[in-house]
Chemist: 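I have a structure here, written as structure tokens, and I will follow up with some questions on it.
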Amino acid sequence: MSLRWQPALLDPAAGGGWAVVHCQQGFLRDANGVLFPRDWLKRLDLPLLSEQGLGYFDGDQVFLMELAHPVEVPDANWQGLRQFMMQDDDTERFRMLGFAAQIGTWANHHRFCGSCGNPMRQHATERAMQCESCGIHHYPRISPSMIVLVTRGDELLLARSPRFAPGVYSTLAGFVEPGESVEQCVRREVHEEVGVSIAEPSYICSQGWPFPHSLMLGFHAEYASGEIVMQPEEIEDAGWFSIHDLPALPASKSIARYLIDLYLARRLGHPEPVLPS
Ligand SMILES: NC(=O)c1ccc[n+]([C@@H]2O[C@H](COP(=O)([O-])OP(=O)(O)OC[C@H]3O[C@@H](n4cnc5c(N)ncnc54)[C@H](O)[C@@H]3O)[C@@H](O)[C@H]2O)c1
Ligand SMILES: [Mg+2]
Ligand SMILES: [Zn+2]
């Protein structure tokens, strides 16, 4: 099956095509969706920070207009990326918007060179920003992060961050630090966040996660030793939950939920879930 959304490097100097409009607050949408005729948008007085060629949706060229702040457009409103994820059954559209949000945020944050302070411009043949003065390149930022389901037989170790929706418990996650392997990160983060030690973690699968630019590397690990000691600030509550009595869980499109559902399916002999790509 061919995918409806295909990223590609398009020249923003060319006219025509469709555009999504993004700023820190989300995407512009109207009754027709998130794609607007690009030439029509160009006639509006938009606070444009950057314009990027993104790729093809259903074979049509799609560009991104990254704005400094949200503006009022008649019969349109702004919607955050998380809302699209929660509402959208159209996973291809969410993939496009996740890509657009990451490229937009990156382009916004690389308008000036971090080395010499001069303006940056888009590289002609690569997805990169290049300094006009010192020549340094900046590629889109991706942050590798581990996510792990720790289990003890029929029990799952789940935790709450103060950022979660009320009542929701999830698997443990954390950013990989320079110089460490993902497996070392799994052990370190589990120890930092809940104080327990684990057996050798096994890799399950990965998921690009555009909040804001993570690559989630998903693991399973059996508990080895130690009592739960919660990390102040990061972890609001943590505990062992029976597979027969689980709390509210993360959104079904997340790898966190997939790792939990996969363990339950294997434990209970049910069909295995599929992680939405
Ligand atoms: N897809 C999923 O199912 C899922 C589930 C949980 C978490 N996540 C994602 O995993 C990532 C990491 O999880 P976490 O928030 O628990 O991380 P974490 O445990 O490492 O702690 C977060 C803290 O790390 C620091 N931080 C922020 N960005 C960083 C970076 N790029 N590198 C190093 N440190 C940074 C900040 O102080 C932040 O408050 C986040 O992007 C989060 O959105 C995804
Ligand atoms: Mg964490
Ligand atoms: Zn420079």
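None of these values were measured; they are calculated from a predicted model. Every number for a ligand or one of its atoms is a count from 1 in the order of the listing.
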Chemist: Can Glu234 and Arg160 be said to form a salt bridge (charged side-chain N to carboxylate O under 4.0 Å, His left out), step by step?
Modeler: CA-CA 8 Å; Glu234 282 290 313; Arg160 266 191 63 72; over 6 Å; no

Chemist: Nearest to atom 10 (O) of ligand 1, what protein heavy atom do you find, and at what distance?
Modeler: Met216 CE, 3.2 Å

Chemist: Hey, is Arg163 one of the residues with a heavy atom under 4.0 angstrom from ligand 1?
Modeler: yes

Chemist: At a 4.0 Å cut-off, with the gap strictly under it, does some heavy atom of Glu177 reach an atom of ligand 1?
Modeler: no

Chemist: Using distance alone, determine whether Ser170 and ligand 1 share an N or O pair under 3.5 Å.
Modeler: no

Chemist: What protein heavy atom lies closest to atom 18 (P) of ligand 1? Include the residue and the distance to one decimal.
Modeler: Gly174 CA, 3.6 Å

Chemist: Which residue and non-hydrogen atom of the protein lie closest to atom 4 (C) of ligand 1, and at what distance in Å?
Modeler: Ile147 CD1, 3.7 Å

Chemist: With atoms numbered from 1 as shown, which atoms in ligand 1 lie under 4.0 angstrom from a non-hydrogen atom of Arg141?
Modeler: 31 (N)

Chemist: Any N or O of Ala256 that comes nearer than 3.5 Å to an N or O of ligand 1?
Modeler: yes

Chemist: Report the residue from Phe36, Trp106, Phe27 that forms a ring pair (Phe, Tyr, Trp, His ring centres under 6.0 Å) with His22.
Modeler: Phe27

Chemist: Considering heavy atoms of the protein only, find what lies nearest to atom 44 (C) of ligand 1 and give residue, atom and distance to 0.1 Å.
Modeler: Trp209 NE1, 3.2 Å

Chemist: Taking all non-hydrogen atoms of both residues into account, name the closest pair between Ser170 and Pro250 and its distance.
Modeler: OG-CG, 3.3 Å

Chemist: Whether the side chain of Gln207 engages the backbone of Lys253 through a donor-acceptor N/O pair (distance < 3.5 Å, no angle test) should be reported.
Modeler: yes

Chemist: Could you identify the single nearest non-hydrogen protein atom to atom 41 (O) of ligand 1 and state the distance to 0.1 Å?
Modeler: Ser214 OG, 2.7 Å

Chemist: When you measure from the side chain of Arg29 to the backbone N and O of Val34, does any donor-acceptor pair fall under 3.5 Å?
Modeler: no

Chemist: Just distances here: any N/O of Glu234 and N/O of ligand 1 closer than 3.5 Å?
Modeler: yes

Chemist: Got an N, O or S from Ala173 under 2.8 Å of the Mg ion (ligand 2)?
Modeler: yes

Chemist: Ignoring hydrogens and angles, tell me if any N or O in the side chain of Arg127 forms a donor-acceptor pair with the backbone of Ala8 under 3.5 Å.
Modeler: yes

Chemist: Whether the side chain of Glu92 engages the backbone of Trp5 through a donor-acceptor N/O pair (distance < 3.5 Å, no angle test) should be reported.
Modeler: yes

Chemist: Return the closest protein heavy atom for atom 20 (O) of ligand 1 as residue, atom name and distance.
Modeler: Phe175 N, 3.1 Å

Chemist: Salt bridge or not between Arg4 and Asp58? Use side-chain N to carboxylate O under 4.0 Å.
Modeler: yes

Chemist: Please check whether Ser145 reaches ligand 1 - meaning an N/O of the residue sits under 3.5 Å from an N/O of the ligand, judged on distance alone.
Modeler: no

Chemist: Just give me the atom name: the N, O or S atom of Glu193 closest to the Mg ion (ligand 2).
Modeler: OE2

Chemist: Pull out every atom of ligand 1 sitting under 4.0 Å from any heavy atom of Gln207, numbered as shown with elements.
Modeler: 1 (N)

Chemist: Assess whether a salt bridge exists between Arg188 and Glu180, defined as any Lys/Arg side-chain N lying under 4.0 Å from an Asp/Glu carboxylate O.
Modeler: yes

Chemist: Examine the proximity of ligand 1 to Met146 and report which part, side chain or backbone, both or neither, has a heavy atom under 4.0 Å away.
Modeler: neither

Chemist: Vertex the Zn ion (ligand 3): angle to SG of Cys113 and SG of Cys116, to 10°?
Modeler: 110°

Chemist: Students should be able to answer this: which protein heavy-atom is nearest to atom 16 (O) of ligand 1, and at what distance?
Modeler: Ala173 O, 3.1 Å

Chemist: Relative to each other, are the rings of His137 and His123 parallel, tilted or perpendicular (30° and 60° limits)?
Modeler: tilted

Chemist: Are any of the side-chain nitrogens in Glu51 or Lys42 under 4.0 Å away from the carboxylate oxygens of its partner?
Modeler: yes

Chemist: When you measure from the side chain of Ser161 to the backbone of Arg163, do you find a donor-acceptor pair of N or O atoms at a distance under 3.5 Å?
Modeler: yes

Chemist: Please could you name the atoms of ligand 1 that Ser143 approaches to less than 4.0 Å, counting only its heavy atoms?
Modeler: 31 (N)

Chemist: Ignoring hydrogens and geometry, is there a side-chain-to-backbone donor-acceptor pair from Arg257 to Ser254 under 3.5 Å?
Modeler: no

Chemist: Looking at ligand 1, is there an atom of it that comes within less than 4.0 Å of some heavy atom belonging to Arg188?
Modeler: no

Chemist: Please note down the angle at the Zn ion (ligand 3) between SG of Cys134 and SG of Cys131, to the nearest 10°.
Modeler: 110°

Chemist: So which heavy atom in the protein is nearest atom 19 (O) of ligand 1, and how far is it from that ligand atom?
Modeler: Glu193 OE2, 2.8 Å

